[in-house]
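The structure under discussion appears below in the form of structure tokens.
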Number of protein chains: 2
Amino acid sequence: MNKNYHVRAIPRMFEQVTRQIVDFITFGKLSPNSKLPTERQLSESLQVSRSSIREGLRILELLGYLSSRQGEGTFVSSPPSFLIPGHVLNHKIEAVELDRYFEIALMCVEKIVFLSLEKMKTGCITFPMPNDGETDPFWNKFMVLITSLGEQLSNPYYVSLFSHTFELLNENGYFLAKEKPFDFSVFRDALLAGNRGKTADFLMLLSAA
Amino acid sequence: MNKNYHVRAIPRMFEQVTRQIVDFITFGKLSPNSKLPTERQLSESLQVSRSSIREGLRILELLGYLSSRQGEGTFVSSPPSFLIPGHVLNHKIEAVELDRYFEIALMCVEKIVFLSLEKMKTGCITFPMPNDGETDPFWNKFMVLITSLGEQLSNPYYVSLFSHTFELLNENGYFLAKEKPFDFSVFRDALLAGNRGKTADFLMLLSAA
DNA sequence: GTCGATTTGTTCGTATGTATC
DNA sequence: TGATACATACGAACAAATCGA
């Protein structure tokens, strides 16, 4: 009876609405500042109530996709939004786009790793247990390590941003085809030893991966 | 008649709702996984319709504040969300929290600046015009410069993240009391000359500011 | 400047699906 | 099985803002 609250079998109405509208914009190639159909038109063409349409519009507005103005209408925003959650999209994100998210994740990794190395000098960093899941894929182990380090920093936003980005990449199967750039245990040992130069070298390999 | 669409004089109902609920959680010190009042109770106690309550709940759900489960209720999420837009909050963000956002902004600044320096070698970076607003505050000029550089990079997310964070800091008056760490024009010249070492020195001063 | 049409903002009532006991 | 509590969803109505004739 493993009840997983994170998985919702049936997407709610407003979630389907957001994806439909995103599709409408992307595939219709609507340029910024162009006008969307009215709420009533959307309600009719998608066959959902106006309330559900509005819930979807609120989501996309918060994400920076749209902006609504009373008496005028709803318009495509510019510039586009950052970090669109995967569940808002119907379609897969393009590879070039995923590469950009990967760069953001790496930026956070650098910060987390080097701040951790600094903190190690005062000897108050713990590493994740070498669990039995040694058969885990490389990128899984990497994620666990970085997350564990990041959670010990005083600024929680580095790891928060990393997690969000990494999760989005994972959801889109980004790491399935991605080759592992080095042996994970060697990287972990370099970190544990506080070897800054070697760690930096590994991170260079990462961005080339 | 400078009509600024970005400023909405009267907050919409659902925006007030989000702030009320955030207040309810923060000041009521509701711990993660604790249950919120039902939508009908919120509707009655805040004297707003259920539709508006729901629009507000959708926002907070997307931000990672809450999660709703049909037949059960709405619960406070854990962990808390990253980068809460200023307009979702009623109260000022605490200083220590703002410092954390500032660190995130600086992380982006570093990336934008060093990637720009790389790109300068191929000679295809333009700097913002030295406009007449030379009396602009230091941080304004800094923001304009970094944004301008970031927009010329192939990855738009660095500047997107920087803008979001910087705007949030600005909205909260973060830079009003903050001393300028160096002379802006000197920094700009160092960048223009492609002097990597000097630029790095300036960035060090920034994180100490 | 006013009027009317259009569109988002907001409310209310009702019905349905789902979880808990 | 039934009862209760709750989120989900719908549709109609009215208010307020915008725009053009």
Side-chain angles (χ1 to χ4, degrees), chain A residues 1-21 24-25 30 33-77 87-88, chain B residues 1-21 24-25 30 33-62 65-77 87-88:
Chain A
M1 289 302 154
N2 184 357
K3 181 190 231 168
N4 191 344
Y5 284 128
H6 296 277
V7 174
R8 193 184 294 271
I10 303 168
R12 288 171 288 183
M13 216 61 240
F14 80 89
E15 291 176 302
Q16 301 181 46
V17 168
T18 57
R19 294 194 281 217
Q20 295 279 352
I21 296 178
F24 182 84
I25 294 173
L30 264 63
N33 299 323
S34 58
K35 191 173 178 303
L36 254 68
T38 71
E39 295 180 352
R40 284 192 168 80
Q41 286 171 335
L42 287 171
S43 165
E44 184 153 0
S45 66
L46 300 184
Q47 288 293 301
V48 285
S49 72
R50 215 185 127 211
S51 312
S52 297
I53 294 287
R54 283 180 61 81
E55 287 185 41
L57 291 177
R58 289 293 85 80
I59 298 295
L60 295 177
E61 192 174 0
L62 183 75
L63 286 174
Y65 243 99
L66 310 172
S67 83
S68 297
R69 294 196 289 270
Q70 186 172 359
E72 291 187 70
T74 303
F75 302 84
V76 179
S77 285
H87 62 263
V88 173
Chain B
M1 291 306 152
N2 185 358
K3 182 192 232 168
N4 191 344
Y5 284 127
H6 296 277
V7 174
R8 194 184 293 271
I10 303 168
R12 289 171 288 184
M13 214 61 239
F14 76 89
E15 292 175 304
Q16 301 182 47
V17 168
T18 59
R19 294 194 281 215
Q20 297 279 354
I21 295 178
F24 183 83
I25 294 172
L30 263 63
N33 299 323
S34 57
K35 191 173 177 303
L36 253 68
T38 71
E39 294 182 352
R40 284 194 165 79
Q41 286 171 334
L42 287 171
S43 165
E44 184 152 359
S45 66
L46 300 184
Q47 288 294 301
V48 212
S49 74
R50 251 163 61 72
S51 309
S52 297
I53 294 286
R54 283 178 61 81
E55 288 185 37
L57 290 177
R58 288 293 87 78
I59 299 293
L60 294 176
E61 194 174 357
L62 183 75
Y65 242 98
L66 310 172
S67 82
S68 298
R69 295 196 289 272
Q70 186 172 357
E72 293 185 68
T74 303
F75 302 84
V76 179
S77 285
H87 61 263
V88 173

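Sequence lines set the chain letters: A, B, ... in the order given, protein chains first and strands last, and positions in each chain run from 1. Worth saying up front: this structure is predicted, and the values here are computed from it rather than measured.
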Donor-acceptor contact present, side-chain [X] to main-chain [Y], <3.5 Å:
| X | Y | value |
| --- | --- | --- |
| B:Thr18 | B:Gly56 | no |
| A:Gln47 | A:Glu44 | yes |
| B:Gln41 | B:Thr38 | yes |

Original post:
Nearest to the side chain of A:Ser49, which nucleotide is it out of D:dT8, D:dA9, C:dG9?
Top reply: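 So the side chain of A:Ser49 is nearest to D:dA9.
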Whole-Å distance between [N] [atom2] and [X] [atom1]?
| X | N | atom1 | atom2 | answer |
| --- | --- | --- | --- | --- |
| B:Glu72 | D:dC6 | CD | P | 11 Å |
| A:Phe75 | C:dT6 | CZ | C1' | 12 Å |
| B:Ile53 | D:dC6 | CD1 | P | 15 Å |
| A:Glu61 | C:dT8 | CD | C1' | 11 Å |
| B:Arg12 | C:dT7 | CZ | P | 18 Å |
| B:Glu39 | C:dG13 | CD | P | 16 Å |
| B:Arg40 | C:dT16 | CZ | C1' | 12 Å |
| A:Leu66 | C:dT7 | CG | P | 17 Å |

**OP:** Kindly say if A:Ser52 contacts the phosphate of D:dC10, meaning a side-chain N or O under 4.0 Å from OP1 or OP2.
**Re:** yes
**OP:** Taking only the side-chain nitrogens and oxygens of A:Arg54, find out if one of them lies under 4.0 Å from OP1 or OP2 of C:dG9.
**Re:**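 True: A:Arg54 side-chain N/O within range (under 4.0 Å) of C:dG9 OP1/OP2.
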Original post:
Between A:Ile25 and A:Leu36, is any pair of side-chain heavy atoms under 4.5 Å apart?
Top reply: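 Yes, their side chains come closer than 4.5 Å.
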With distance as the sole criterion, do the side chain of [X] and the base of [N] form a donor-acceptor contact below 3.5 Å?
| X | N | answer |
| --- | --- | --- |
| B:Thr74 | D:dC6 | no |
| B:Arg69 | D:dT8 | no |
| A:Gln70 | C:dG9 | no |
| A:Arg50 | C:dG9 | yes |

Original post:
More 5' along DNA chain D: A:Gly71 or A:Phe14, using each one's nearest nucleotide?
Top reply: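 Its nucleotide being nearer the 5' end, the pick is A:Phe14.
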Subject >> NZ/NE/NH1/NH2 to OD/OE distance under 4.0 Å, A:Glu61 and B:Arg12 >> reply: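 Judged by the 4.0 Å cut-off on N to carboxylate O distance, A:Glu61 and B:Arg12 do form a salt bridge.
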Original post:
Which residue, B:Gln47 or A:Pro37, contacts DNA chain C at a nucleotide closer to its 5' end, judged by nearest heavy atom?
Top reply: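 Looking at the nearest nucleotide for each, A:Pro37 comes out on the 5' side.
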Subject >> Touch class at under 4.0 angstrom, heavy-atom based, for B:Thr38 against every strand present >> reply: sugar-phosphate
